[in-house]
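This report concerns only the one structure given below.
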Amino acid sequence: MTKKNLNYYLKLPYTYVIEWSDVDGCFLGSIIELERNMTCGQTREEVLANLKEAIVSYVTTSLDNKMEIPEPLKLEDFKGSITYRTSKERHYKLAKQAKLYGKSINAFIDEVIGEKLKDLAPAH
C-alpha cells in the first residue's frame, strides 16, 4: 500500500488550466482537482511555478489537518464505453451527418469529441 504523503501527491498528474485574462492583464492558473486554488503571473512559466507551489501548500495543510485531498482521475479506471442519451432531433442530425461523412454514428461522435478535446492536456 502506498503511503499518501507529500511526495505521493506531488507525483500525481493534476490538471493545470492556464489562460490569459484581459480583465486582470495577466495569465490566470488553476488546478481543476483542487478547489479554490488560483494564481496569476505575467508568463505561463510563472503561473506554472506558482501552481506547483500551491499544490505543496494545499497538500501540506491538508495532511497536517487530516483533511481529504482530491486526486486526479486515473486513465485505468475508464473502459472507453459511454452510454449517451439525447433528443430524437439531435440523434437524427447526428445520423445524417455521420452518413454524409460515411461513418457510423459512434465513429462520428468520437471524431467530433476528439476534435473538441485535442487542445486539452494529454492523459498521464
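Qualifying side-chain hydrogen bond (donor to acceptor under 3.5 Å, both in side chains) partners for Asp77, counting only residues two or more places apart in sequence or in other chains: none. The ring-ring contact (aromatic ring centres under 6.0 Å, His included) check on Phe108 picks up Tyr101, with sequence neighbours excluded. Checked against ring-ring contact (aromatic ring centres under 6.0 Å, His included), Phe78 has no partners two or more places apart in sequence or in another chain. With sequence neighbours excluded, no residue satisfies salt bridge (charged side-chain N to carboxylate O under 4.0 Å, His left out) with Lys99. With sequence neighbours left out, the side-chain hydrogen bond (donor to acceptor under 3.5 Å, both in side chains) criterion links Glu35 to no other residue. Scored by the side-chain hydrogen bond (donor to acceptor under 3.5 Å, both in side chains) test, Ser21 finds Asp24 as partners (sequence neighbours excluded). Looking at residues two or more places apart in sequence or on another chain, you find a side-chain contact (heavy atoms from CB on, under 4.5 Å) between Arg90 and Tyr84, Thr86, Ser87, Leu94. Every residue two or more places apart in sequence or in another chain that forms a side-chain hydrogen bond (donor to acceptor under 3.5 Å, both in side chains) with Lys103 is listed here: Glu111. In terms of the side-chain contact (heavy atoms from CB on, under 4.5 Å) criterion, residue partners of Asn5 (sequence neighbours excluded) are, by chain and number, Lys3, Asn7, Tyr8.
In this structure the side chain of Ile105 never reaches within 4.5 angstrom of the side chain of Gln97, judged on heavy atoms. Residues Ile55 and Leu34 meet the side-chain proximity criterion, which asks for heavy atoms closer than 4.5 Å.
The two residues Lys4 and Leu63 make their nearest non-hydrogen contact at O-CD2, 3.7 Å. When all heavy atoms of Cys40 and Leu28 are compared, the pair lying nearest together is CB-CD2, 3.7 Å. When all heavy atoms of Ala98 and Ser104 are compared, the closest pair comes out as CB-O, 3.8 Å.
By the criterion of side-chain heavy atoms lying less than 4.5 angstrom apart, applied directly or through intervening Ile, Leu, Val, Met, Phe, Trp or Tyr residues, Met38 is not grouped with Leu48; the two fall into different hydrophobic clusters. The same ILVMFWY cluster, assembled from side-chain heavy atoms under 4.5 Å apart, contains both Val56 and Leu12. Two different hydrophobic clusters hold Met67 and Val59 under the rule that ILVMFWY side chains link at heavy-atom gaps under 4.5 Å.
Applying the 4.5 Å side-chain rule to ILVMFWY residues, one finds Val17 in the same cluster as Ile32. The hydrophobic cluster around Ile82 extends to none of the other residues, as no ILVMFWY side-chain heavy atom falls under 4.5 Å of it.
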Please lay out, stage by stage, how Ile113 and Lys116 fare under the test side chain to side chain contact (heavy atoms under 4.5 Å, CB included). CA-CA 5 Å; Ile113 290 171; Lys116 286 290 187 184; 5.7 Å; no
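The OH atom of Tyr16 sits 6.5 Å away from atom CG of Leu51, with the distance rounded to the nearest 0.5 Å. Here the straight-line distance linking atom CZ of Arg85 with atom NE2 of His91 works out to 10.5 Å at 0.5 Å rounding.
For residues 42-63, the set of pairs meeting the side chain to side chain donor-acceptor pair (under 3.5 Å) definition, not counting sequence neighbours, comprises Thr39-Asn50.
Distance alone, capped at 3.5 Å, places no donor-acceptor pair between the Glu19 side chain and the Phe27 backbone.
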